[in-house]
Amino acid sequence: MAGNRTFSMIKPDAVAEGNIGAILKMMEEAGFRIVAMKKTQLSKATAGKFYEVHKERPFYNDLTDYMSSGPIVALILEKDNAVADFRKLIGATNPADAEEGTIRKLYAKSIEANAVHGSDADETAQQEGSFFFAETERS
Ligand code: ATP
Ligand code: MG
């Protein structure tokens, strides 16, 4: 049976450090199938739209500056229990709190430059995947 889906980004810090390959390998070894993938750079406005739910938070302006500071890799990933299992693989938002062996523990630099994004629910996974990929790219 095909699994369900989550959406991920490899963030600018991890791309700049040359960690795309290592992070993709961790995703695949954990059983995630890459459904869609693209390298692109967000404008400040597009980053602002993607993170709109955080627009009242004190870190919003810095976050959208950071997310538009360099290229990212956007991904739709498929696996049973994709959203929860992927959040487990990436670890806590703050790498200082992330478990050993998680992507953020290995590759994140700070609570802001934290290497990867993972959707927080099935509904947001669907919205975020559609934000980056056309229907024909994700079927
Ligand atoms: P993501 O949504 O990127 O997977 P998350 O779900 O673990 O991360 P959120 O609370 O959704 O965390 O925050 C979104 C992003 O905003 C974080 O990944 C991080 O880059 C940034 N962020 C969150 N909290 C802070 C903070 N206190 N200071 C600076 N940046 C923060
Ligand atoms: Mg989040």
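Indexing begins at 1, ligand by ligand and atom by atom, following the structure's order.
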Return a table of donor-acceptor pairs under 3.5 angstrom between the side chains of residues 16-26 and protein atoms on other chains or two or more places apart.
{"residue": "Glu17", "atom": "OE2", "partner": "Lys109", "partner atom": "NZ", "Å": "3.0"}
{"residue": "Lys25", "atom": "NZ", "partner": "Glu29", "partner atom": "OE2", "Å": "3.1"}

Residue pairs passing the side chain to side chain donor-acceptor pair (under 3.5 Å) test where at least one lies in residues 90-105, sequence neighbours excluded: none
Expected output: side-chain Ser130 to main-chain Gln126 donor-acceptor under 3.5 Å: yes
Side-chain donor or acceptor of Asn4 paired with backbone N/O of Asp80 under 3.5 Å: no
Close residues, ligand 1: non-hydrogen atom nearer than 4.0 Å: Lys11, Tyr51, His54, Phe59, Leu63, Arg87, Thr93, Arg104, Ile111, Glu112, Asn114, His117, Gly118
Side-chain donor-acceptor contact under 3.5 Å, Lys88 with Asn81: no
If you look only at distance, which donor and acceptor atoms sit under 3.5 Å apart when one is on a side chain in residues 131-139 and the other is two or more places apart or in another chain?
{"residue": "Glu137", "atom": "OE1", "partner": "Ala134", "partner atom": "N", "Å": "2.8"}
{"residue": "Arg138", "atom": "NE", "partner": "Phe133", "partner atom": "O", "Å": "2.9"}
{"residue": "Ser139", "atom": "OG", "partner": "Glu135", "partner atom": "O", "Å": "3.4"}

